[in-house]
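Count residues from 1 along the sequence.
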Amino acid sequence: MWGRVWSCSCSRASANAASKVLAIPLMADLVPRHRMGAAAGILAASGSVAAPISSLVAGGLADVTGNARAIFAVMAVVALALPPFVRRPSEPAVAPVPAGALEAEGTDES
């Protein structure tokens, strides 16, 4: 029993770490530099609020349906329903480097 709990906790922690590793660089690309601290705080706060709420929702669904896997159906519906509402950035937070600029900086053609 405890081995199963431990392995589930380890896999949950690994998935959480992987999602943070992907979210922070994406946030750095999408958020202006002067707002990065606020964005990181909002990301951390939303994760702290979402963790207990998701546990309550998953437990409630398991009680109602009698199946602990019902939460995966809810997650699939939400994952398919939300992308149309995601707003694309109007312009990148960092100006793109012109093509060929990096190659020309280090060359000495004298």
Side-chain angles (χ1 to χ4, degrees):
M1 161 83 178
W2 290 110
R4 193 179 303 172
V5 170
W6 185 80
S7 65
C8 288
S9 293
C10 287
S11 43
R12 180 188 51 81
S14 299
N16 188 27
S19 68
K20 293 294 182 197
V21 165
L22 296 174
I24 297 294
L26 177 64
M27 186 173 57
D29 287 343
L30 296 177
V31 175
R33 185 176 291 257
H34 66 280
R35 301 218 187 250
M36 191 62 187
I42 291 169
L43 179 68
S46 64
S48 297
V49 169
I53 291 173
S54 64
S55 297
L56 291 172
V57 170
L61 277 172
D63 285 344
V64 169
T65 62
N67 187 355
R69 294 187 178 120
I71 191 66
F72 295 112
V74 173
M75 288 172 36
V77 169
V78 170
L80 293 173
L82 287 183
F85 299 104
V86 175
R87 186 175 59 98
R88 293 179 186 239
S90 57
E91 61 184 61
V94 178
V97 177
L102 295 177
E103 293 85 14
E105 285 181 10
T107 59
D108 185 21
E109 298 181 11
S110 52

(request) Might you point out which heavy atoms bring A62 and A68 nearest each other, and give the distance in Å? (result)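 Heavy atoms only, the tightest pair is CB-CA, 3.9 Å.
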Common cluster, [X]/[Y], ILVMFWY with side-chain heavy-atom separation under 4.5 Å:
X	Y	value
L82	I53	yes
L80	I71	no
I24	V31	yes
L61	V78	yes

(request) Supply the atom-to-atom distance M75 CE to R69 CZ, rounded to the nearest 0.5 angstrom. (result) 13.5 Å
(message) Can you tell me how far apart CG (L30) and CZ (R35) are? Round to the nearest 0.5 Å.
(response) 14.5 Å
(request) Answer yes or no: is there a side-chain heavy-atom contact under 4.5 Å between V57 and V74? (result) no
